[in-house]
Amino acid sequence: MKLDSSAQDAADFCEGELKSYYRRKGSFVKLIPWVGDDRKHIKKIYTKLQLILGKDRVKLASYDDILQRETEEGDLILIAVLTGLAGRGKTTLFNKIAYDWAVGSSRVLRKYKLVFLLKMHALEQSSDLVDAVFDQLLAKDVSIERGALDMFIKNSPGKVLVLLDGFDELMTTTLCDSSFGSILEILNGKKLRGCTVLVSTRPSHVDRLVSEKLVQDPFTHVEVMGFSWKNVIEYVNNFFVGEPDKAKGLLEKIRSSGLLIDLAASPMLLLVMCVLWQEKCTLPETMSLLYHDGFSYIFRRKGLDSQDEAAKVVIEIGKVALHGLLSPDQSLSFKESDFEPSVLELALKAGILTSQRVRKRLQSHNSVQFFHKTFQEFSAAAYLQSLLEADPEEFQKILNEIMSKGAKRFEYLLRFCCGDNKACTYEIMKVFQVRCGEELSFKSSSQMGQLALHCFFEGQSKHLPPEEFIHSFITDEISIRDLDRDNLNSVIHFLKCVAEQTKNSGNTYLAKVKKLFVNVDRWIWFIGMIEELAVTMCAMTNLNAVHFLFCLPLTGSNMADIAKSLKDLTNLHEFYIHCSDNLGGTAALWCMHLKQLKSLKKLHLSACSLNGQDITLIAESLIDLPNFSELTLFSNNLGGTVASWCMHLKQMRTLTNLDLSNCSLNRQDIKHVGESVRDLPNLVELNVSYHGLSGRAALRYMQLKQLKTLTKLGLYKCSLNGQDIKHIAESLPNLVELDLSDNELCGTATLWCAQLKQLKTLTKLGLRRCSLNGQDMKDIADSLRELPNLGELDLSVNHLGGTAALWCMHLKQFKSLRKLVLNGCSLNGQDMKHVAESLGDLPNLVDLDLSWNTLSGTAALWHKHLNQLKSLTELDLGGCSLNGQDIKHVAESLVDLPSLGHLSLYQNDLRGTAALWCMEVKQLLHLQRLNLRICSLTEDDKNHIDESLSDLRKNGLDLDMEIQ
């Protein structure tokens, strides 16, 4: 479309004005008030930030990657949501994008005629884009006609980039889509489709932003993580140019503290650390104290030496700050008249407050703002702290108002309020317990639990929180999973505090813990945290299971601390460590403590880089444990070493389970293993998966026929062929469980299925991903129908599409079958009809997995047969491309199943269909869990589901509608 010349002229003139603004005034970024030269050019202070893409956690090279993301169909994704904690550099990133566009340094940005960088603290939900551009970016006397600029934007949205900085600061806190102006209508796609928008927010406001009213798929989600450790080192060294000892000391201090490492990712807070370290070579240990010391430094620099007077100033401006945060429109800008004049003068002099002339709809006035939103939250917290003593009733009233509006929205306010204040901390813990008691836990999904523990950490109280609060977190089973460093730090602090405060009274709370599970990314741990956890574990005197999975970067010394902390636990039965690859060659430091674990039954040391000498020392320590029965050494490189430690295996007379899978064993190693375990009177389970055992010679080395007590054998991914399977079946007629998954067995079933039918005691058979075809399945099914005890059969990820008619009739004979897995078998609708019809005669089938077969639009063919599966308790139809009508058919048939408790429908695209089927699902009266994750449900869908299933949820239904 050819543009009107006035519209083009307006765009040309606006482009020039914007570029001039971004190159000049917009290119200088405010630092913080405690630095003398508090404005620096963007090129001098910008340090590359860590940008992490979506749930896959892909690290982006630069912001260019955000603007070039495409959908599966190859269309550009035009909306991006950038989330990041306060001070992580979101604003500076947007300033850099605007500057790069203005100077032409970015190839990707050159396609945009206009780039609008707008501050959302000055916007309401009704704000208009063109009005905001005139109010925030263009000179008062600029000669651009609004209507002409508006016409260009509407006719050329692909040439417009909008940067919306700080959605969490939007003046409107309760959104009503009928009141939206053009800015929010761009976000929800009702206006200017084709326009590119990047919007930033704190994580606490993501749910409001990514919602039915505003941003929906497709959009790009990017986490602004701030500085990497490499960036921190670079920044500190640049700050202390000529003072390498100070730089080294600060870096060592930061690295010694999990909290400081986390806070140092914030460019703003790292600068705070630098200036405080420069003055005193010391740093506080909490975020609240860091801000407190920063404020004190500001006032000293500005000549206000009296700390009492400085505190009064902060409390006075904090009263205004708190009113603004709690106001319906979340005021972050104030009039000068809102402050007492002398207080305003001091706060402006210090730089905590700033004042500037602003224009809105041709009206101008002086607007007063806090330098950063966290400054407003810190000041508000100082005022709130003062109320606890001055007016406790008002304190409680305000605290209840905060909780009613949503504690997560006021995270920093609450954390600052607890800062170094035991009384406030106790009161806030009480409110968390009363109002959020059922939500409090260590789970990563428990936002209230995480926030409550952050608040407790900020308080640094030596006194315990309320008893009910402690009981919410400390139960007989503690699970610490998938936490970031900030959360893990707060969890460890809480547990350590409870341990220390109750050590003289029998560890009242921690003594009831029986199981401890820890699964936290190894890079989250910091120096000293593992030792603190070991101290805490000593107080868990009744522990019977400790599992560290995929997490601890243990050194030999760390392992010694942990093993030592466990030696007095008389009930410890299980000790698991998985994926701690720094333990290789360290067993001499800690294996002696294993001898003290007299109740130990199971030891797992998987993927720990252990060597032959380690295993020798470990095995020697385990020999005298009277109840020891299970040893797992999965994924340690032990090739060529078995001869040095196998004699100790012979002495483990109580051993029942041995897992040596993926240990790089050679044929001689296999021979030594076979010789060592053949005389163990109680060995029933052996796993040597992930070893090349193809050929009868290799299997003969194992001396299978000598393993007379063996009932469970794992040979997953061992390059076995048909002859191997025949030999195994002939050698071990008493097998109860056999896993042959991931061996290439295509077309070989005729060689071994006759022997398979002789395994009369077999209850579980794994044939996952064995490249079986329809004829193989016919032979196998024909053999298995003669096994009277077969209860579980895994046939997943074999290409069986279009073949079910060949073999399904034999399924009718599997009268003992309880679980059948046909996941990812390329079954079609006709296959499903045959399978479902055959399964109707199985009286014991309780678990059926049909996920990841392409069944879109086929349910009408097979759903009626489902109602014959009267014993079924679990059904998985996830990832089957089912549509809304399919779900309706399925749900209608499941109504007659009296025992169905779990139904999985995850990752089927069901957007806009819930009204079709939710009333049928409502009839599944015994349903305990419904999985609708990643089903692209709309807000209307979720409302239908919530309304229809409300009675089921009251009766305990666990409903999962997470988007990822």
Side-chain angles (χ1 to χ4, degrees), residues 1-23 26 63-71 73-82 93-120 123 126-139 142-165 167 180-200 214-220 361:
M1 178 188 297
K2 187 172 181 179
L3 285 172
D4 180 273
S5 61
S6 63
Q8 187 64 55
D9 291 344
D12 291 342
F13 197 85
C14 185
E15 177 186 19
E17 289 291 306
L18 290 172
K19 286 185 174 179
S20 175
Y21 175 77
Y22 295 146
R23 282 196 304 266
Y63 66 72
D64 287 354
D65 294 338
I66 303 174
L67 298 168
Q68 297 179 96
R69 292 268 301 157
E70 295 181 346
T71 65
E73 294 76 24
D75 299 320
L76 284 175
I77 299 175
L78 299 176
I79 305 289
V81 174
L82 283 72
L93 176 62
F94 278 9
N95 286 333
K96 184 67 163 59
I97 293 173
Y99 176 77
D100 288 349
W101 171 75
V103 299
S105 61
S106 168
R107 178 186 57 80
V108 174
L109 293 173
R110 289 174 193 164
K111 70 175 182 178
Y112 299 113
K113 178 75 173 175
L114 301 172
V115 173
F116 302 132
L117 170 53
L118 300 173
K119 305 294 185 183
M120 295 197 77
L123 301 178
S126 60
S127 294
D128 174 76
L129 177 63
V130 174
D131 286 346
V133 169
F134 273 85
D135 289 344
Q136 294 191 36
L137 301 174
L138 299 177
V142 70
S143 54
I144 297 176
E145 205 276 306
R146 287 174 186 256
L149 180 59
D150 190 35
M151 182 181 297
F152 176 87
I153 293 170
K154 287 177 179 176
N155 290 326
S156 305
K159 295 183 178 181
V160 178
L161 170 62
V162 181
L163 306 173
L164 298 174
D165 185 24
F167 175 79
F180 285 0
S182 62
I183 290 178
L184 294 192
E185 287 188 322
I186 294 170
L187 281 177
N188 67 18
K190 291 184 178 179
K191 285 189 177 179
L192 294 187
R193 294 177 182 175
C195 170
T196 303
V197 184
L198 273 58
V199 54
S200 69
L214 288 173
V215 176
Q216 299 182 57
D217 284 323
F219 71 96
T220 300
R361 299 187 183 96

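Note that this is a predicted model, so its numbers are computed, not measured.
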TODO: Before giving the answer on side-chain contact (heavy atoms from CB on, under 4.5 Å), spell out for V115 and L18 the whole-Å C-alpha distance, their side-chain angles and the decisive distance to 0.1 Å.
DONE: CA-CA 8 Å; V115 173; L18 290 172; 5.9 Å; no

- [ ] Evaluate side-chain contact (heavy atoms from CB on, under 4.5 Å) for Q136 paired with L123, printing each intermediate quantity in order.
- [x] CA-CA 10 Å; Q136 294 191 36; L123 301 178; 3.7 Å; yes

Task: Worked verdict on Q8 versus K113 for side-chain contact (heavy atoms from CB on, under 4.5 Å) - done: CA-CA 10 Å; Q8 187 64 55; K113 178 75 173 175; 3.9 Å; yes

Open item on the list: Test side-chain contact (heavy atoms from CB on, under 4.5 Å) on F13 and L138; report intermediate values, then the result.
Closed with: CA-CA 11 Å; F13 197 85; L138 299 177; over 6 Å; no

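Residues W101 and L114 approach most closely at CZ2-CA, 3.9 Å, considering heavy atoms. Closest non-hydrogen pair, S6 versus A148, comes out as O-CB, 3.6 Å. The heavy-atom pair separating K119 from N95 by the smallest distance is NZ-OD1, 4.2 Å. The minimum heavy-atom distance between G104 and R110, with the atom names listed, is O-NH2, 3.3 Å. Between D128 and S182, the shortest heavy-atom contact is OD1-OG, 3.0 Å. Nearest heavy atom pair, residue R23 against residue A102, reads NH1-O, 3.4 Å.
With respect to D150 and K154, a salt bridge is recorded, a charged nitrogen being found less than 4.0 Å from a carboxylate O. Electrostatic pairing of R69 and D65 does not count as a salt bridge here, judged by no charged N lying under 4.0 Å from a carboxylate O.
Between M120 and V199 there is a side-chain heavy-atom pair separated by less than 4.5 Å. You'll find the side chain of F167 stays beyond 4.5 Å of the side chain of V215, heavy atoms only. In this structure, I186 and L129 have side chains that are in contact, with non-hydrogen atoms separated by less than 4.5 Å. The shortest side-chain heavy-atom distance between Y63 and D100 falls under the 4.5 Å cut-off.
Taking T71 as the reference, E73 meet the side-chain hydrogen bond (donor to acceptor under 3.5 Å, both in side chains) condition, with sequence neighbours excluded.
Here the CD atom belonging to E15 is positioned 11.0 Å from the CD1 atom belonging to I144, to the nearest 0.5 angstrom. To the nearest 0.5 angstrom, L67 atom CG is 10.0 Å from L78 atom CG. To the nearest 0.5 Å, atoms CG (L118) and CG (L137) are separated by 5.5 Å. Going from atom OH of Y21 over to atom SG of C14 covers 13.0 Å, rounded to the nearest 0.5 Å. Note that the NZ atom of K159 and the OG1 atom of T196 stand 13.0 Å from one another [nearest 0.5 Å]. Separation of atoms OH (Y112) and CD1 (I97) is listed at 9.5 Å; rounding is to 0.5 Å.
At most 12 heavy atoms of other shown residues, nucleotides or ligands fall within 6.0 angstrom of atom CZ in R193.
A side-chain donor-acceptor contact under 3.5 Å links Y22 to the backbone of L117.
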